[in-house]
Each structure stands twice: as C-alpha cells, then as structure tokens.
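Remember, predicted model here, so these are calculated numbers, not experimental data.
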Amino acid sequence: MRSLVRSTLREGGLHRSVLIGSLLRCGLATALLLATASTTHQRAEARSFPTPRFVSLKAPRANLRVGPGVQYGIEWVFVRKGIPLEIYQAFGNWRRVRDWEGTSGWIYGPLLSGQRTAVTAPWSRDNVALHTSPVAASPLTAWLEPDVTVKLLRCDGQWCRVAHNSMVGFVKQFALWGAYPGEVL
C-alpha cells in the first residue's frame with residue numbers, strides 16, 4: 001500500500017491530502033464494519049441463553065472472583081465438580097453466579113457446564129423422599145439428606161427424575177435447588 005501511495009504521489013496523479021483522506025476513510029469504514037460484526041455476534045451469543053438459568057460446575061476447582069476478570073480478587077474457591085450454580089448476569093466470557101447458600105461472584109464461563117444438577121432441600125433439616133415413580137403414593141427408593149447433589153435427568157414442572165450414585169428416582173421439584181418452580185426440562 002505504501003509503494004502505491006508513493007508512486008501515485010511521485011507521478012502527480014492525486015493530491016496527497018485527497019489520497020490520504022480516502023485511505024483513512026476506507027480504513028475507518030473497514031474497522032467500523034469489523035467492530036459492528038463482532039459486537040453483533042456478542043449480543044447474539046448473550047441472547048442465546050437466558051438469565052437467570054441454572055448450570056453446574058464443570059471443573060473440579062474454580063475461583064469465584066469479586067469482578068469479571070482475572071485482575072479481580074478471589075473471594076471463594078469451589079472445589080467440587082458438578083455443584084449447581086445459578087447464572088444471573090453475564091459479561092463477556094464471565095458469569096455472575098450464586099450457589100444454594102447465597103454465595104455469589106464471577107466465574108470464567110468455560111468452567112461451567114449446561115449439564116443440570118440440583119441440591120436436595122438445603123433449607124430443610126428433613127430428608128427428601130426419592131420415589132420410584134412421579135407419584136407421591138409410589139414406593140420409596142431412598143431418603144436423601146439435605147444438601148445432597150443429584151444429577152437432573154428431566155423435570156415435568158412437578159417432579160424431577162434424578163440420579164445419585166447408582167440410585168435413580170423421582171423427587172418433588174419444590175424440594176430441589178437447581179430447578180425453577182414449574183420448569184420443564
């Protein structure tokens with residue numbers, strides 16, 4: 001590009017200010033198009049997943065920060081893979097999350113998974129019934145203590161089919177932190 005500018009100027013084909021102005025406008029237009037394209041892509045990405053929503057921790061260890069970036073201090077460290085978290089804000093690749101105890105902060109998005117998990121009745125001291133079918137009168141498979149992490153297999157808005165270790169069964173949806181009331185998945 002420089003050689004084209006120099007040869008054109010040497011040959012007297014264009015006035016220097018006109019040529020430089022044209023090149024600057026062309027470069028600015030290209031930069032604006034690229035910036036718009038990347039901004040539009042980010043907005044589309046952010047809208048593809050609603051907030052709030054539940055996810056689980058993919059990594060076996062993750063830092064919970066006071067702000068959306070590695071320059072912010074670490075407030076908490078999660079050390080258990082699979083715990084449910086609720087995303088309620090997003091900023092770039094960072095997600096603001098909270099756990100069932102109300103601890104909140106920012107976590108790097110790729111450390112999270114869309115695989116859903118839940119915690120059994122962390123607000124209660126009573127055990128949660130794991131049924132063989134989604135009917136209150138169905139036989140019990142087990143009693144789950146409060147704060148037990150289960151894998152969500154599906155929910156119909158009233159009951160969730162869950163797995164814990166080798167057990168599979170149904171739990172009333174209102175007895176789980178990790179699925180919204182009435183949510184179907």
Side-chain angles (χ1 to χ4, degrees), residues 45-70 72-185:
E45 183 181 338
R47 280 190 292 222
S48 62
F49 296 106
T51 52
R53 71 179 181 278
F54 283 106
V55 294
S56 62
L57 187 61
K58 182 178 6 177
R61 182 179 174 89
N63 296 330
L64 191 66
R65 297 184 176 271
V66 295
V70 293
Y72 292 96
I74 297 170
E75 186 166 324
W76 192 260
V77 178
F78 290 122
V79 292
R80 194 175 65 192
K81 181 179 179 175
I83 62 171
L85 297 168
E86 182 182 34
I87 296 175
Y88 63 96
Q89 192 176 4
F91 182 80
N93 284 331
W94 291 84
R95 304 294 179 260
R96 194 166 189 191
V97 299
R98 73 177 127 241
D99 69 7
W100 64 95
E101 294 177 326
T103 303
S104 68
W106 292 88
I107 193 166
Y108 187 55
L111 299 176
L112 302 173
S113 169
Q115 184 172 0
R116 299 283 294 271
T117 60
V119 173
T120 56
W123 53 83
S124 177
R125 291 185 177 204
D126 297 331
N127 291 338
V128 175
L130 182 67
H131 293 269
T132 57
S133 63
V135 177
S138 68
L140 295 178
T141 302
W143 286 100
L144 301 174
E145 293 181 352
D147 289 330
V148 171
T149 301
V150 295
K151 186 178 186 180
L152 287 180
L153 304 175
R154 71 173 188 262
C155 296
D156 65 9
Q158 299 292 319
W159 291 85
C160 290
R161 187 165 190 251
V162 302
H164 177 68
N165 295 336
S166 61
M167 298 180 294
V168 177
F170 292 86
V171 172
K172 289 293 274 179
Q173 196 160 332
F174 66 77
L176 298 170
W177 189 93
Y180 295 109
E183 180 184 17
V184 175
L185 61 115

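Between the side chain of Gln173 and the backbone N or O of Tyr180, at least one donor-acceptor pair lies under 3.5 Å. Judged by distance alone, the side chain of Arg65 and the main-chain N or O of Tyr72 form a donor-acceptor pair under 3.5 Å. The backbone N or O of Gln158 lies less than 3.5 Å from a partner atom in the side chain of Asp156, making a donor-acceptor pair.
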Would you be so kind as to tabulate the donor-acceptor pairs closer than 3.5 Å made by side chains of residues 54-64, with sequence neighbours excluded?
unit_1 : atom_1 : unit_2 : atom_2 : d
Ser56  : OG     : Gln115 : O      : 2.6
Lys58  : NZ     : Pro110 : O      : 3.2

Identify all side-chain donor-acceptor contacts of residues 117-124 below 3.5 Å with residues at least two apart in sequence or on another chain.
unit_1 : atom_1 : unit_2 : atom_2 : d
Thr117 : OG1    : Gly82  : O      : 2.8
Thr120 : OG1    : Glu145 : O      : 2.7
Thr120 : OG1    : Val148 : N      : 3.1
Thr120 : OG1    : Val148 : O      : 3.4
Ser124 : OG     : Asp126 : N      : 2.9

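Counting heavy atoms from C-beta outward, Val150 and Val171 have side chains that stay 4.5 Å or more apart. Between Gln89 and Thr51, every side-chain heavy-atom pair lies at or beyond the 4.5 Å cut-off. Within the 4.5 Å cutoff, no side-chain heavy atoms of Arg53 are placed close to those of Glu183. In this structure, the side chains of Phe170 and Arg154 come closer than 4.5 Å at one or more pairs of heavy atoms. Residues Asp99 and Phe78 meet the side-chain proximity criterion, which asks for heavy atoms closer than 4.5 Å.
Annotation for Tyr88: atom OH counts as buried by contact number, over 12 foreign heavy atoms lying within 6.0 Å. Within 6.0 Å of atom NZ in Lys151, 12 or fewer heavy atoms from other residues, nucleotides or ligands are found, so the atom counts as exposed in its surroundings.
In summary, of the residues considered (Arg98, Arg116, Arg96), a salt bridge (Lys or Arg N to Asp or Glu O under 4.0 Å) with Glu86 occurs for Arg98 alone.
For the ring pair (Phe, Tyr, Trp, His ring centres under 6.0 Å) test, no residue two or more places apart in sequence or in another chain qualifies with His164.
Atom CH2 in Trp177 sits 10.5 Å away from atom OG1 in Thr149 (nearest 0.5 Å).
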**Pair Trp159-Lys172, side-chain contact (heavy atoms from CB on, under 4.5 Å): steps then yes or no** = CA-CA 5 Å; Trp159 291 85; Lys172 289 293 274 179; 3.3 Å; yes
**Message:** Please evaluate residues Leu85 and Leu112 with respect to the criterion side-chain contact (heavy atoms from CB on, under 4.5 Å), reporting the C-alpha separation (whole Å), side-chain torsions for both, the decisive distance (0.1 Å), and the verdict.
**Reply:** CA-CA 9 Å; Leu85 297 168; Leu112 302 173; 3.8 Å; yes
**Request:** Evaluate the criterion side-chain contact (heavy atoms from CB on, under 4.5 Å) for residue pair Trp100 and Ile83; output intermediate values, then yes/no.
**Result:** CA-CA 9 Å; Trp100 64 95; Ile83 62 171; 4.0 Å; yes
